[in-house]
Amino acid sequence: MNDIQQKQLGSTLWAIADKLRGAMNPDDFRDYMLSFLFLRYLSDNYEEAIKKELGSDYQKSELEIKAHSEQIEAYIGQLKEIIVKYSETLPAQKLGLYKDEIDREKIEKARKAFVDDNSKMLYSQNIIPLAAWYIRNLDQVELLEKQMRRKIHYVIKPAYLWSNVYELARTQNGQLLKTLQSGFKYIENESFESRFRGLFSEVNLDSDKLGKNYSERNSLLCSIITEIAESLSQFPNETDLLGDAYEYLIGQFAAGSGKKAGEFYTPQQGSTVLSRIVSLDSQDPSTGKKKKLRNVLDFACGSGSLLINVRKQFGPNGIGQIYGQEKNITTYNLARMNMLLHGVKDSEFQIHHGDSLLNDWDILNEMNPSKKMQFEAVVANPPFSYRWQPKEEMAEDFRFKNYGLAPKSAADFAFLLHGFHFLSDDGTMAIILPHGVLFRGGAEEKIRTKLLKDGNIDAIIGLPANLFFSTGIPVCILVLKKCKKYDDVLIINASEYFEKGKRQNTLLPKHIDKIIDTYQYRKEDDKKYSRRVSMEEIEKNGYNLNISRYVSTAPEEELVDIEEVRQELEKIESDISQAKARHNEFLKELGLKPLP
C-alpha cells in the first residue's frame, strides 16, 4: 500500500469514528474501533491460513453454500440437524464432563450447550464456508484447530470471524452483540491458549455509552462494523493494511486527547529518530546499521508504536525478541493488539502489565548476574517529570544504589537508570526526556555527573518545541552506552529544524535525516547545529549539559573595529566644527550671538 492510500484509509476510518461516536468520549470510542480492527486482522489471517490448510475441501464448502442459496432456510435446518445428531454420539468426557458422569440431567444440559454453541455459526443467513466445513466435519475440528495452533499460533471459531460478524451487522441481526461478547471472551481465553487474558477488558459492550438498552447497543454496533467493513473493502487487502490503519487511528485519537495522549503514544517522527539511532552499530555508528538485533526493550511502551518502529528498521525477522512494559491497563491491551496487527507472532514478543519504577516484572528481577536480562537496544518515552514516591529501601535497589535516587518531584532519572541497568555492554539506549535533566541540581546533578564521568552519555539531541502531545516544551534525546568509542559528548541542537503546524510541530524526513547523519558520523561542520564537546569543557561547566552552553543558535554579534570607529568619530567631530563655524558667520552677519 502506498503513502497516498495509507492516508486515504486513515482519513476514511477517522471520518467513521467522528461520525458514529456521537457524544461518546473519543478515548472510549477508540477502544471499540481499534478492537474491531484487531478482530478483522486476526480473522483475515486465520481465514487465509485455513483456506490453504483445507484446500479443495474449503472450495467444496463454498460450492455447497452456493448450491443451497435458493433454499437457505432448509439448508440451515439440515446443518442444525447434523449438530444435534453429532451431539448425541458424544461421550460425557467430550462434553466437558467427567468420564464416568451418569447424571442424565447434566449430560443433557451439556449436549444442549454443545448444540447452542455450534449453532452460533448459523445466526447469519449468509453462511460462511468455514462454518459449513465445521458442521460437516465436527469429528475433525479438534485435529484442524491443533494444526492451526501449530502453524499460526491461534484459532478463531467460525462464528467469531469478521466475515460472519460483518454479515450479522449488515443484516442488523439481533445476535450481533451477544456474538461479539462471546467472541472477545473466546479470543482472550482460548484463541491463544490463555496468553492474552484480559485483552478486551476495557471494551465494555454492555456500556450505556453504546445505548440505553440491548437493542440500541446492538444497532450502533451494527452501524460501526458495517461502516468499517465497507470502508476497508475499498482498499487492497494487504498484510500491512490494518497495522497502518491501527497506527493512524491511535495517532488521531492521541491528537484529540492532548496531554493525556503522552500516556500511550509517541509521534512517529520521534519514534523514527530513536529507532534509527539504536539500529546503528553501537561501537562505531559510522559503519552503518546492524544486520540483526538480539532484543529490544521499551519499559514505558504505551501502545507499542516505538517498538513497532524499531522492528521496521530491521524487518520481520530482524529482531530476536521484543519486550515492553506498560502500567496503564487500557494502553497495555492496545500494545498487545498493535504487535499482532503488525505481524509480530505471539512467540516473538512479551508485553508486561506493571510499573517499571517498582520493577515488578519477574524476568527483570534476576539476582544472579550471569542470568541477568540484558538488551541490545533500549528505547523509551516515559512520562515527563513524573512525581513518584520512592520508599527508603529503594536507595539500595540494584538499579539506583550506585547513583542515588531521583527526586520525588521528577522521576526522569529513575526511568533512565532503570533502562540503563538492563542495557547490554554492546547495546545502545535512546530515551526522550525533558531538558531539565541536563542542568537541574541536587540529586539529579549527582546522577548526571556519575554518568558523564563513567563515559556513559554518548550524545544529547535537542528537539524542537511542541512535537509531543504530552508537553509543548522542547525535549531532548539522551543516547547512552556502557562501552563507547569516543571520550567526548556529541551535542546536537536541532531545535530550529522543523515544520510548524497549527497544533503540533513536525519533523520532516529531511530534518530526521540531518539528525541521524550528524549522529552517525559525529559531524560538527556547523557549530550552530552540533559539536563534539570534551569532558574537560563539560567539567569546567560543572557537568551542566544545557545545550545552549555548547551549541547556540543565537546570531553572532558583529565584530567591531575600534580604530575604524575612532576615525569615524573624529570625522564627525570635524564635520560638526566646520558646520558650527559656518553657522556662526551667518549669526554674526545678522548681529546675533554666536554658538559657543
Side-chain angles (χ1 to χ4, degrees), residues 3 240 266-298 304-324 342-344 348-349 374-381 419-420 422-432 455-463 476-494 497-498 507-527 529-534 551:
D3 290 343
D240 61 351
T266 301
Q268 281 301 308
Q269 63 263 24
S271 292
T272 301
V273 175
L274 265 65
S275 59
R276 286 181 63 181
I277 285 172
V278 299
S279 72
L280 293 169
D281 184 82
S282 175
Q283 277 299 295
D284 190 356
S286 66
T287 60
K289 199 164 85 170
K290 296 178 179 180
K291 290 180 180 177
K292 284 199 168 190
L293 206 59
R294 289 192 305 278
N295 52 20
V296 58
L297 167 70
D298 181 349
S305 58
L306 183 45
L307 287 170
I308 295 295
N309 205 312
V310 176
R311 184 174 182 263
K312 283 179 181 177
Q313 302 300 322
F314 291 92
N317 301 309
I319 301 179
Q321 190 76 7
I322 294 171
Y323 295 85
H342 281 86
V344 187
E348 295 173 343
F349 72 91
Q374 292 187 313
F375 300 92
E376 194 175 355
V378 177
V379 290
N381 176 24
F420 185 67
F422 298 107
L423 182 68
S424 67
D425 289 344
D426 61 345
T428 303
M429 175 175 174
I431 181 171
I432 298 171
N456 297 138
I457 298 179
D458 183 49
I460 295 163
I461 303 165
L463 297 175
C476 62
I477 296 171
L478 269 69
V479 182
L480 298 105
K481 296 174 183 178
K482 288 190 173 174
C483 301
K484 68 186 184 101
K485 180 177 180 180
Y486 306 101
D487 58 3
D488 53 30
V489 177
L490 176 67
I491 297 181
I492 300 173
N493 191 343
Y497 295 81
F498 63 94
L507 290 177
L508 298 177
K510 64 179 181 181
H511 302 137
I512 295 171
D513 289 343
K514 184 175 175 67
I515 291 170
I516 300 304
D517 190 53
T518 303
Y519 169 76
Q520 184 174 358
Y521 298 104
R522 250 173 152 70
K523 290 183 175 180
E524 51 178 349
D525 44 353
D526 179 358
K527 298 294 185 183
Y529 187 77
S530 62
R531 271 187 65 210
R532 294 175 64 171
V533 183
S534 69
V551 184

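Computed from a predicted model, the values in this text were never measured in an experiment.
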Taking the side chain as every heavy atom from C-beta outward, state whether [X] and [Y] have any atom pair closer than 4.5 Å.
{"X": "D488", "Y": "V533", "result": "no"}
{"X": "T428", "Y": "L280", "result": "no"}
{"X": "V310", "Y": "L293", "result": "yes"}
{"X": "N309", "Y": "Q268", "result": "yes"}
{"X": "D458", "Y": "Y519", "result": "yes"}
{"X": "V551", "Y": "I492", "result": "no"}
{"X": "I512", "Y": "I516", "result": "yes"}
{"X": "Q269", "Y": "F498", "result": "no"}

Interatomic distance, [X] atom [atom1] to [Y] atom [atom2] [nearest 0.5 angstrom]:
{"X": "Y521", "Y": "D284", "atom1": "OH", "atom2": "CG", "answer": "10.0 Å"}
{"X": "I457", "Y": "F420", "atom1": "CD1", "atom2": "CZ", "answer": "9.0 Å"}
{"X": "R311", "Y": "F349", "atom1": "CZ", "atom2": "CZ", "answer": "10.5 Å"}
{"X": "I308", "Y": "S271", "atom1": "CD1", "atom2": "OG", "answer": "10.5 Å"}
{"X": "I461", "Y": "N493", "atom1": "CD1", "atom2": "CG", "answer": "11.0 Å"}
{"X": "I515", "Y": "L463", "atom1": "CD1", "atom2": "CG", "answer": "5.5 Å"}

Between [X] (side chain only) and [Y] (backbone N and O only), is there a donor and an acceptor less than 3.5 Å apart?
{"X": "K289", "Y": "Q313", "value": "yes"}
{"X": "D281", "Y": "K290", "value": "no"}
{"X": "Q520", "Y": "P285", "value": "yes"}
{"X": "R532", "Y": "Y486", "value": "no"}
{"X": "S424", "Y": "F375", "value": "yes"}

**Report entry** K292 atom NZ: more than 12 heavy-atom contacts under 6.0 Å
**Finding:** no
**Report entry** Stepwise side chain to side chain contact (heavy atoms under 4.5 Å, CB included) test for V296 and V278
**Finding:** CA-CA 9 Å; V296 58; V278 299; 5.7 Å; no
Query - Side-chain donor-acceptor contact under 3.5 Å, S282 with D426 - result: no
Query raised in the report: With the threshold set at 4.0 Å, does a side-chain nitrogen-carboxylate oxygen contact exist between D517 and K510?
Result: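 No, this pair does not count.
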